[in-house]
Asks: 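What follows is a structure written as structure tokens; I'll ask about it next.
If you're wondering where the values come from, they're calculated on a predicted model, not measured in any experiment. Residue numbers start at 1 and run along the sequence shown.
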Amino acid sequence: METQSLVPWKDSTASEWLGKQEAWQRLLQYVCATLESDPRKYPNQIRAAASLVIMLGREGFWSIAHGQRDREHLASLAKRQLAQIKQMYSIESRGNPTLLGDPAYKKFMQTLDEEMRLLEARMNGEEINLADEAPSSWGDFWNVTFQKAQS
């Protein structure tokens, strides 16, 4: 028995197996389509798709059939969309001192910054340790919720 890599995304047979799965290809297409959505209408869905790019966007693991898009493009698109979401909430908060003082709002904005930093690391091929990342750790990645104030 030959020694395999400790991490599955660096194993060519595992990557090949995953790339042939129709469900995996559909998921990748769904993530791509979601990331191309309007962030004003679908901010939570875009954040969910961006989180999949963060968690699964590893070289050798996130291959897209027929070269439609590479993972760096997806990470870049996800980061741009998150920046638009952050800007949207930032603009809304300018006229709302209560919102600016809300700890949940502050944590939400920090989480967006952290998600964008992680996407930048994915674009650069940097190793990231999601288990120890804060505030976007595996345990609390989606525990931060923030609802826009009603106008």
Asks: Measuring from atom CH2 of Trp24 to atom CG of Leu27, what distance do you get when rounded to the nearest 0.5 angstrom?
Replies: 6.0 Å
Asks: State whether the side chain of Glu115 and the backbone N or O of Ala78 hold a donor-acceptor pair below 3.5 Å, judged by distance alone.
Replies: no
Asks: Can you tell me if CD on Gln87 sees more than 12 non-hydrogen neighbours from other groups inside 6.0 Å?
Replies: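 No, not enclosed.
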Asks: Any idea which heavy atoms bring Ala50 and Leu82 closest together, and the distance?
Replies: CB-CD1, 4.0 Å
Asks: To the nearest 0.5 Å, what is the distance between NZ on Lys107 and CD on Glu114?
Replies: 10.5 Å
Asks: Is it the case that Ser90 and Arg94 place a side-chain donor and acceptor less than 3.5 Å from each other?
Replies: no
Asks: Could you check whether any side-chain heavy atom of Met88 comes within less than 4.5 Å of a side-chain heavy atom of Pro39, counting everything from C-beta outward?
Replies: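 They are not in contact (no side-chain heavy atoms under 4.5 Å apart), so the answer is no.
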Asks: Calculate, to the nearest 0.5 Å, the distance between atoms CE and CZ belonging to Met55 and Arg122 respectively.
Replies: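 It comes to 10.0 Å.
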Asks: Keeping Ser37 on the side-chain end and Thr34 on the backbone end, is there a donor-acceptor pair under 3.5 Å?
Replies: yes
Asks: Pick from Leu77, Leu118, Leu119: which one makes a side chain to side chain contact (heavy atoms under 4.5 Å, CB included) with Val53?
Replies: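 In the set Leu77, Leu118, Leu119, the residue that makes a side chain to side chain contact (heavy atoms under 4.5 Å, CB included) with Val53 is Leu119.
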Asks: Enter the distance from Leu74:CG to Glu36:CD here, rounded to the nearest 0.5 Å.
Replies: 8.5 Å
Asks: Of all the heavy-atom pairs spanning Ile85 and Pro43, show the shortest one and how long it is.
Replies: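 In terms of heavy atoms, the two residues are closest at CD1-O, 3.5 Å.
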Asks: Could you tell me the separation between the CG atom of Leu35 and the CZ atom of Arg47, rounded to the nearest 0.5 Å?
Replies: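 Result: 13.0 Å between the selected atoms.
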Asks: Under a 4.5 Å cut-off applied to non-hydrogen side-chain atoms, are Arg26 and Glu22 in contact?
Replies: yes
Asks: Taking all atoms of both residues into account, what is the closest heavy-atom pair of Leu100 and Tyr105, and its distance?
Replies: CD2-CE2, 4.1 Å
Asks: Looking at Arg117 and Glu120, is any side-chain nitrogen of the basic one under 4.0 Å from a carboxylate oxygen of the acidic one?
Replies: no
Asks: Can you tell me how far CG of Asp38 sits from CD of Gln84, rounded to the nearest 0.5 angstrom?
Replies: 8.0 Å
